[in-house]
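Here is the structure we will look at.
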Amino acid sequence: MEPQLKHDRAREIKEFRETKAGVKGLVDSGMVRIPRMFVHDEKVLAEYPTNNNLLVPLIDLKDLQYGDHQRKEIVDQIRGALETWGFFQLINHGIPISKLDRLLECQKQFHEQPTEVKSELYSHDPKQSVKFFTTSSLDGNQPTDWRDTFSFRFPEDILDIMVYQQFAEDTLSGLFSEALGLNRDYLSRNGWLKGGRFACHYYPTCPEPHLTLGARQHSDPSFLTILLQDDVGGLQLLHQNQWVDVPPTKGALVVNAGDFMQLISNDKFKSVKHRVLAKSDVPRLSAGCFFNRSSKPIGPLKELLSDTNPPIYREIHLSEYYTDYTSKWTHGTRLIDRFRI
Ligand code: OGA
Ligand code: NI
């Protein structure tokens, strides 16, 4: 990028942050042309075509309780989905739909309350547990996404989202472990599904949605991510070099493998890139639960390695991955690629 443009963007981002009002603050001010800092590179926006004929796997946990045979079938479906798509939608997961609706309702209330109240939590400090922000990099290296986020770490902050954590620990960790061909308690014993960050996103309406993105293409910094989306739509994942919609499905949770899962599974499970389109008509809500903590270094799991499957990554401490997280990110790369042997 030209130095002048980069500098201007850095200044624009700084001024934007000083408003502490987020993207929604801009929209509320009646702005009709989006500021330059939100304009994404058109080549990047048009890089891959969209294919609406492909369907993201939908996995039903209804029969999980009926025995080993049913469980094995579900494990096989999860393995297939994570090897090829990196994503699936999950229904009959056992978390009451009323709880999911309530979560979306609460986060809508948070984002739609007066700016003065929200701005008290406005922060970009990675160490701060509870905060409200718009992801942006102050060096002006990248355009900013059209979204605001309220996020907090867990399990320190006990809120109603503990149902997700319980679900991940009680159900998903066993299914994922078995899908990797390991003992049922493998992932949970390592504590990888115990803590992380919960992010409540608000994607305001956008007057020029074709110029920007709600979320740029990225893969997740997590072992696994559980995402709840409302009925608006806009989430797409990259499959065989095409964007495929993840259609809103009532009561469903979107589950995907993140970068750390790809690393420990030695590329068996894919941490697939995804993005969110901006929309002009209605705001969109989503809530993501990112399991992304490990007190010890992580590397490809010894149990999965052999002469024919040698380690692809070196062992890393998660702090190495998180160092300069936003500034190291560049379009087209994935942060774990830095740790390939
Ligand atoms: C994320 C993400 C998708 C969405 O937060 O990492 O990809 O639909 N969110 O909000
Ligand atoms: Ni993501």
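As a basis for the values below, the full set of heavy atoms in this structure was taken, side chains included, without hydrogen atoms, waters or symmetry mates. Counting starts at 1 for both ligands and their atoms, following the listed order.
Taking the six-membered ring where the residue is Trp, the centroids of Phe290 and Phe223 are separated by 6.0 Å or more. Within the 6.0 Å centre-distance limit, the rings of His124 and Tyr122 are counted as a close aromatic pair. Aromatic ring centres of Phe150 and His111: separated by at least 6.0 Å.
Counting the atoms of ligand 1 from 1 in the order shown, those under 4.0 Å from a heavy atom of Val276 are 3 (C), 4 (C), 8 (O). Every atom of ligand 1 is numbered from 1 in the order shown, and the set under 4.0 Å from a heavy atom of His218 is 1 (C), 2 (C), 6 (O), 7 (O).
Contacts between Asp220 and ligand 1 below 4.0 angstrom, taking non-hydrogen atoms only, involve the side chain exclusively. Using a 4.0 Å cut-off between heavy atoms, Leu227 contacts ligand 1 through its side chain alone, with no backbone atom that close. Under 4.0 angstrom from ligand 1, the non-hydrogen atoms of Arg284 all belong to its side chain. Counting heavy atoms closer than 4.0 Å to ligand 1, residue Arg197 contributes nothing at all. Contacts between His274 and ligand 1, counted as non-hydrogen atom pairs separated by less than 4.0 Å, involve the side chain only.
Geometry at the Ni ion (ligand 2): NE2/His274 and OD1/Asp220 form an angle of 90°, nearest 10 degrees.
For atom 5 (O) of ligand 1, the closest non-hydrogen atom of the protein is His201 NE2, 2.7 Å.
For the pair Arg314 and Phe339, the cation-pi test (distance below 6.0 Å, angle within 45°) is failed.
The backbone N or O of Leu277 lies less than 3.5 Å from no partner atom in the side chain of Gln236, so there is not a single donor-acceptor pair.
At a threshold of 4.5 Å between non-hydrogen side-chain atoms, the residues Gln77 and Leu175 do not count as touching.
Closest heavy-atom approach to atom 9 (N) of ligand 1 among the candidates Tyr203, Tyr202, Phe290: Tyr203.
A salt bridge links Lys72 with Asp76: the closest approach of a Lys/Arg side-chain nitrogen to an acidic carboxylate oxygen falls below 4.0 angstrom.
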